[in-house]
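So you know, we letter chains A, B, ... as the sequences are listed, proteins then strands, and number each from 1.
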Amino acid sequence: MNVNAPNSYRVGPDEHGRYGIHGGRFVAETLMPLILELEQAYKDAKADPAFQEEMDSFLEHYVGRPSPLYFAERLTEHLGGAKIYFKRDELNHTGAHKINNVMGQILLARRMGKTRIIAETGAGQHGVATATVCARFGLKCIVYMGDIDVERQKPNVFRMKLLGAEVIPVSSGSHTLKDALNEALRDWVANVEDTFYCIGTVAGPHPYPEMVRDFQCVIGDETKRQMLEREGRLPDSLVAAIGGGSNAMGLFHPFLDDTDVEIYGVEAAGSGVETGAHAASITGGRPGILHGNRTYLLMDDDGQITEAHSISAGLDYPGIGPEHAWLNDIGRVNYISATDQEALDAFELCCQLEGIIPALEPCHALAKVIELAPDKSSDHLMVMNMCGRGDKDIFAVAEHLGVEL
Amino acid sequence: MSGDTRIDQRFAALKDEGRAALVTFLTAGDPDYATSLEIVKGLPAAGADVIELGMPFTDPMADGPAIQASSLRALANGQNMIKTLQLVRDFRSGDDATPIVLMGYYNPIYIYGVERFLADAKAAGVDGLIVVDLPPEEDSELCIPALAAGLNFIRLATPTTDDHRLPTVLSNTSGFVYYVSVLGITGTKAPDIASVNQAVARIKRHTPLPVAVGFGVRAAEQAAGIAGGADGVVVGSALVNTILDSLDADAKPGPSTVSAVLDLVAQLAGGVRSVEKPAAE
């Protein structure tokens with residue numbers, strides 16, 4: 001183990017919003033008062049039992065929690081090693097883990113009296129979740145989306161519009177998720193009075209990484225309880241995919257102090273980290289400052305941000321949450337990566353063996369389960385976060401399989 | 001404090017003259033290095049009192065479409081931090097009086113290396129820094145080392161900076177205070193002169209530093225309106241748009257690129273200089 005290990009891995013961030021050197025509040029002065037206001041409002045909500053009760057009630061009756069912890073029996077037999085469980089967060093309302101966080105942030109926005117919600121989205125999952133919860137509470141919703149992604153993810157764009165959201169295509173910069181984030185920040189700077197920025201992942205300026213993590217920890221808390229009920233003990237390993245890293249952080253965080261639990265975060269290696277066409281910020285990037293926080297980023301030698309590449313639009317981001325960056329630096333979590341091809345192979349295997357069409361994001365985690373599980377003994381309990389369903393991806397997969405729909 | 005920089009000297013001299021400063025913003029290397037250098041060299045004669053040079057960045061989150069595009073034009077033509085500092089050196093070889101402020105975002109500086117950046121910037125003849133994504137909460141990153149290196153660290157104050165927040169913003173600020181006159185990104189809205197003057201007066205109650213006003217200033221008349229209350233008027237997007245409008249179909253500078261920018265600077269300078277202020281006693 002790491003000789004410099006802290007007493008607890010769960011106490012971060014510090015009062016400056018830092019996780020080691022990562023995190024912080026690197027934003028324009030216009031946003032500082034808003035971020036400080038949000039920090040206070042979140043602190044108050046967290047200490048208010050009524051907020052937690054309201055959250056729990058909506059998670060149960062609207063989102064459909066708890067999600068099952070499912071023993072993937074045929075996959076386990078096929079791989080011939082570890083006993084594999086899926087945490088079924090793809091069964092949530094809107095089909096992914098994103099809504100856990102959105103529900104929390106929108107309830108907070110309501111407490112703060114905000115009436116206009118803005119969000120960024122890449123694949124559209126966070127946008128759909130935000131549009132959904134805004135519809136539920138009658139809030140105005142504006143979603144920024146790179147115009148390339150608008151073209152790639154037409155069904156989700158239509159869903160958001162059905163739910164009453166305004167989708168604004170972003171044509172600045174590289175026309176993808178990072179630019180949608182820039183544009184959402186620009187909107188926020190211009191509309192500070194009534195607007196709440198609902199960030200979709202464990203990144204951005206403090207307190208977002210902490211707040212989004214807390215809202216997603218329901219995944220790991222449930223997993224712990226369910227595994228104790230099923231097997232009478234904790235799992236031996238956890239595996240989750242990482243773009244910004246919210247589903248992974250939600251699963252990992254409750255287990256960080258259970259140091260016997262091995263933890264694997266899987267980044268998107270695209271065509272291969274060595275090709276340069278990837279989205280693996282830790283494996284292939286370096287620490288820098290973007291979107292309000294210091295973390296591992298993809299960039300050139302002049303500090304200019306470079307584009308991420310992944311078959312999974314949800315992982316197609318040139319950064320990663322700052323707490324992941326810290327967990328990497330201190331060695332508590334192993335960050336590895338899976339290529340587009342490995343993810344596609346895992347996609348097909350999962351469809352065939354388990355009758356589950358997974359989103360391409362968790363297919364990256366599944367690809368590493370396929371690699372890791374055979375070397376483990378049959379009493380090794382491995383949990384993978386099935387963080388999204390794959391309906392949205394069938395067009396992309398068909399294209400790669402050479403099938404015309 | 002940080003001693004007497006060219007910024008301090010220039011604002012003091014203009015106070016004696018009884019007029020406000022014209023602060024011009026252009027992105028270093030826009031549209032290309034040679035044209036950019038020619039424009040910058042012409043700025044003092046056209047009437048610019050302080051020169052702000054943008055350090056191009058791929059993700060300028062506080063900037064509007066005009067300055068975003070100028071950043072990308074410069075980057076596409078190979079601009080980087082080394083060349084931006086070179087541009088300052090090339091300018092300084094012919095002008096040792098006009099203050100130069102580098103403005104941009106933290107990542108390119110962080111990657112260049114803070115210590116190396118401060119040493120190289122000072123040596124090149126840079127006088128001050130504006131780094132948009134470094135609020136007072138992150139002062140240990142660059143602000144404190146920059147002040148120690150003898151550079152001014154100029155902070156943005158905004159309409160959201162209330163009296164409670166203002167002292168935090170003003171601590172460790174030097175050179176001048178840059179008041180962002182409208183909520184939002186650069187180059188989008190025109191400021192309301194009366195409320196700008198009110199805000200400037202409010203800031204001045206908290207600090208003896210000069211206050212320059214920017215965001216949304218594009219015409220001589222507006223510049224004159226702001227020059228009545230503020231110590232400086234910052235113009236950026238309007239100049240950058242003038243560059244854009246002068247480019248040919250291949251985004252190459254046209255024959256009028258340099259003169260069009262300098263003509264606009266001269267007009268704006270006329271506006272700023274048309275307002276007489278009580279000279280310092």
* Among B/His164, B/Glu141, B/Arg155, which residue forms the greatest number of heavy-atom pairs with chain A at distances under 4.5 Å? -> B/Glu141

* Is chain A contacted by the side chain of B/Pro159, its backbone, both, or neither, given a heavy-atom distance below 4.5 Å? -> neither

* To do: Check each atom of A/Asp301 against the heavy atoms of chain B and say whether the ones under 4.5 Å are side chain, backbone, both or neither.
  => backbone

* When A/Leu290, A/Asn182, A/Asp302 are compared by non-hydrogen pairs under 4.5 Å with chain B, the top option -> A/Asp302

* Asked: Which bit of B/Val132 comes within less than 4.5 Å of chain A, counting heavy atoms only: side chain, backbone, both or neither?
  -> both

* Please look at A/Leu181 and chain B and tell me whether the side chain, the backbone, both or neither of the residue comes under 4.5 angstrom of a heavy atom of that chain. => neither

* Show your working on side-chain contact (heavy atoms from CB on, under 4.5 Å) between A/Asn328 and A/His22 and close with a plain yes or no. => CA-CA 11 Å; A/Asn328 172 71; A/His22 302 286; over 6 Å; no

* Could you tell me whether the side chains of A/Asn293 and A/Tyr19 share a donor-acceptor contact shorter than 3.5 Å? => no

* Steps toward side-chain contact (heavy atoms from CB on, under 4.5 Å) verdict (A/Asp179, B/Asp59) -> CA-CA 7 Å; A/Asp179 309 285; B/Asp59 294 80; 4.2 Å; yes

* Does B/Asp231 come within less than 4.0 Å of B/Lys204, counting only side-chain N to carboxylate O? -> yes

* To do: Flag the one option from B/Asp63, B/Asn107, B/Leu75 with the top tally of heavy-atom pairs under 4.5 Å to chain A.
  => B/Asn107

* **Sidechain N-carboxylate O distance under 4.0 Å for B/Glu138, A/Arg18** => yes

* Do the side-chain N and O atoms of A/Tyr197 and A/Glu120 include a donor-acceptor pair separated by under 3.5 angstrom? -> yes

* Examine whether an atom of A/Ile35 lies under 4.5 Å from a heavy atom of chain B, and if so say whether it belongs to the side chain, the backbone or both; otherwise answer neither. => neither

* Between B/Asp120 and B/Tyr112: side-chain donor-acceptor atoms closer than 3.5 Å -> yes

* Most chain B-contacting option - heavy-atom pairs closer than 4.5 Å, from A/Leu185, A/Val192, A/Leu297 -> A/Val192

* Asked: Any idea which of A/Thr306, A/Ile289, A/Val189, A/Leu31 has the most non-hydrogen atom pairs under 4.5 angstrom with chain B?
  -> A/Ile289

